[in-house]
Amino acid sequence: MPQLLPGRLKRRSDFLRLAASGRKIVRTGFVLQALKDVSASDSTSVAPVRLGFTATKKLGNAVIRNRAKRRLREAARLVLAERNAQGMELVLIGRRETGSMDFAKLRQNLAQALDEALHEVST
RNA sequence: CCAGACGGUUGGACGGCCGCUGGCAGGUGCAAAAUCCUGCUGGAGGAAAGUCCGGGCUCCACGGAAAAACGGUGCCGGAUAACGUCCGGCGGGGGUGACCCCAGGGAUAGUGCCACAGAAAACAAACCGCCUUGGUCCGCCAAGGUAAGGGUGAAACGGUGCGGUAAGAGCGCACCGCCUCUUUGGUAACAGAGAGGGCAGGGUAAACCCCACCGGGAGCAAGACCGAAUAGGGGCGGCCGGCGUUGUGUGCUGGAGCCUGAUCGUCCGACAUUUAGCGCCGCUUGCGCGACAAUGGAGGGCGUGAAUCAGUCUCCCAAGUAUACGAACGCGGAGGUUUUCCGGCUCGCCGCCCGGGUUGGUUGCUUGAGGCGGGUGGUAACAUCCGUCCCAGAGGAAUGGCCGUCCAGCGCCCGCUCGCUUCAGUGAGGGGGGUGUGGACAGAACCCGGCUUACAGACCGUCUGGAUUU
């Protein structure tokens, strides 16, 4: 089946909703918040997975924050390509080690966390 | 070669796989837009940072200008769109020097302040002193003169020397400094020279202040356009609708008025009847005419004061009545709040149209005081001319993620050369081999000119001081 292109979460209200009621999974390199997209659950069309990224000022200056977001975005792109996460809303929050840790490890952690989140939501 | 001063350039290179975003071309679509696919091509900085100055641009305010207030700037000249920036000078200070630093207008407009110490901190005074005179119990005391010396301080009323004097003092003189005037050079800041003045005018304006000059405010989240759903606003049409009160419209009754008619009043009045009288006869109770008057009277004229009736029309809506109306209120009803009660809330429904406006979208948005190369003018900042180039435009915010090879740089090991020295070590050097490590500060957000701050290093040029060789 054709994988729909992932959409983006952009509004502050979306992030707050995920933070309040999403499933929260902490791993080295990131914090994952996942939630089933309620707005699209009853419709017949398949909803694309929606992604959001957060890097707070705690991480450092703009260069460090942007690098953390870019690495998370790339890891998510690779991990989501081999999974079906349709109808999910995901938020990835950068941590202090996101920009410097080994990328393969980051990708592996994300895959595990995502599988766990998918399992939890589906049951 | 060492040490240093100043200015400039640069801010790792190459490749592979996978992505993001702008543009162009082609394909997909009847076509436009959008989407998707393919190819080509562009895609962070010297500070993109801090947001400290100055401008462009946009909106708002404002009649022009000035003043006041507030804020800023502050030697002179130039550059510039402008600046608190830059360039060239001047003055002061530092350095052997190349060079560097300066918040550098006014203290003779006025007000204030100057801690501690010191006798005294700005207006003249005198703690220790020095000198003269007088006194003396020989310790010194009193009066006067003086400001050279001592002491305090960041700073003490020009400095040094000679003369002078009781001791002293710009008291006099010379030089230096200062002030005023004149003059020379310079656009000017200022510098030089001369004359005069015995010297006034302590510091602080990064205290108030004075003077000169500059400044309207807010910012691309400016501003402009398009505009979904929902709610709300306005208009039109259709449909349904309980009761009461009020309101509004309409009809009738009603009220008022004009006009007309009738009634009425008055006048005229044909005509009719009656009558005096007259005429005629056929002379019986016959026929004809018939004044005045009376009565009746068709009809006509006039009449407004009032009244009555009818009608048309107009006006009014106090009252009555009927009817219409989603206009108001109340009741009822319905909806919904899980159920019941109470309370509160909402209430025509449907359709169409209009306007405002939020999320959102488009625009502003990158061709500009533009970059590069060269010529000309200028000591320079810079100006100008010619040629050439188009060089990021995101929007929870693209310009990347991962990997490999290499180049600087740094560390370690092996070997080499030279020096020292107890045959074992130690120091220095260049560069050969191996190996590990490894690239700073930092991310455009409308755009420019600056300033400030951060920064691993690498390279180039000019100059200064020192050493060595010839």
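Throughout, a chain's letter reflects where its sequence line sits, starting with A, and its residues are numbered from 1. Side chains are part of it too, since the values below use all heavy atoms of this structure and drop only hydrogens, waters and symmetry mates. Keep in mind that this is a model prediction, so the values were computed, not measured.
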Using whole Å, what does the distance between atom P of nucleotide B/G396 and atom CD1 of A/Ile93 come to? 18 Å
If you measure from the C1' atom in B/G77 to the same atom in B/G104, how many Å do you get, rounded? 16 Å
Using a cut-off of less than 4.0 Å, is there contact between a side-chain N or O of A/Arg65 and OP1 or OP2 of B/A397? no
B/G330: syn or anti, per glycosidic angle within 90° of 0: anti
For B/U108, the Watson-Crick or wobble counterpart (both distances under 3.5 Å): none
Quick check on B/G249: syn or anti? Syn means the glycosidic torsion is within 90 degrees of zero. anti
Position toward the 5' end of RNA chain B (nearest nucleotide), A/Met101 or A/Leu78: A/Leu78
For B/A270, the Watson-Crick or wobble partner whose two distances fall under 3.5 Å: none
Looking only at atom P, what distance separates B/A103 and B/C86, rounded to whole Å? 12 Å
When syn is taken as a glycosidic angle within 90 degrees of 0, is B/U366 syn or anti? syn
For the C1' atoms, the ones on B/A383 and on B/U80, what distance do you get once it is rounded to whole angstrom? 10 Å
The glycosidic conformation of B/C391, counting syn as within 90° of 0 and anti otherwise, is syn
Give the nucleotide from the list B/C18, B/C402, B/A442 with an atom nearest to the side chain of A/Arg77. B/C18
Interatomic distance at C1', B/U358 relative to B/G215, whole Å: 40 Å
Sorted by position of nearest nucleotide on RNA chain B, 5' first, the leading residue of A/Thr54 and A/Asn61 is A/Thr54
Which of B/A397, B/G443, B/C402 is nearest the side chain of A/Arg73? It is B/A397
Just to verify, what does A/Arg77 make a side-chain contact (heavy atoms from CB on, under 4.5 Å) with, not counting sequence neighbours? A/Glu74
Hey, could you give me the CG/NZ distance between A/Leu32 and A/Lys24, rounded to the nearest 0.5 Å? 11.0 Å
Taking CG from A/Asn66 and P from B/U399, how many angstroms apart are they, rounded to a whole number? 9 Å
Under the side chain to side chain contact (heavy atoms under 4.5 Å, CB included) rule, what do A/Val31 and A/Thr54 come out as? Steps first, then yes or no, please. CA-CA 10 Å; A/Val31 175; A/Thr54 297; over 6 Å; no
Could you tell me the separation between the CZ atom of A/Phe103 and the P atom of B/C17, rounded to a whole number of Å? 18 Å
B/U85 and B/U388: how far apart are their C1' atoms, nearest whole angstrom? 31 Å
Separation of B/G401 P from A/Leu106 CG (nearest whole Å): 13 Å
On the nucleotide B/U21, are OP1 or OP2 found under 4.0 Å from the side-chain N or O atoms that A/Arg70 carries? no
So which nucleotide does B/G177 pair with, by the Watson-Crick or G-U wobble rule with both distances under 3.5 Å? B/C199
Take atom C1' in B/G395 and the same atom in B/C365, then report the distance between them in whole Å. 13 Å
Please determine, for B/C342, whether a Watson-Crick or G-U wobble partner exists with both distances under 3.5 Å, and give it or none. none
Rounded to whole Å, how long is the line connecting atom CG of A/Asp102 with atom C1' of B/G401? 13 Å
Considering Watson-Crick and G-U wobble pairs with both distances under 3.5 Å, what does B/G164 pair with? none
Atom CD1 of A/Ile64 to atom P of B/G401: distance rounded to whole Å? 13 Å
Please measure how far the C1' atom in B/C447 lies from the corresponding atom in B/U367, and state the result in whole Å. 12 Å
Watson-Crick/G-U partner (both atom distances under 3.5 Å) of B/G223: B/U363
B/U58 to B/G450 separation - C1' atoms, rounded to the nearest Å: 24 Å
Its glycosidic angle compared against 90° from 0, B/A13 adopts the form anti
Please report the closest heavy-atom contact between A/Arg95 and A/Arg27, naming both atoms and the distance. NH1-O, 3.0 Å
Pair assignment for B/G297, Watson-Crick or G-U wobble, requiring both distances under 3.5 Å: none
Please check if the side chain of A/Asn61 supplies one atom and the backbone of A/Ile64 the other of a donor-acceptor pair under 3.5 Å. yes
Rounded off to whole Å, could you give me the CG-to-P distance for the A/Leu72 and B/G401 pair? 12 Å
In short, A/Gly29 meets A/Leu72 closest at the heavy-atom pair O-CD2, 4.3 Å
B/A218: pairing nucleotide in any strand, Watson-Crick or G-U under 3.5 angstrom: B/U58
May I have the list of side-chain donor-acceptor pairs in residues 101-112 of chain A shorter than 3.5 Å, sequence neighbours left out?
from, atom 1, to, atom 2, distance (Å)
A/Asp102, OD2, A/Ala104, N, 3.4
A/Asp102, OD2, A/Lys105, N, 3.4
A/Asn109, ND2, A/Thr28, O, 3.2

What are the two closest heavy atoms between A/Ala55 and A/Arg65, and how far apart are they? O-CD, 3.4 Å
Taking CZ from A/Arg107 and C1' from B/G19, how many angstroms apart are they, rounded to a whole number? 13 Å
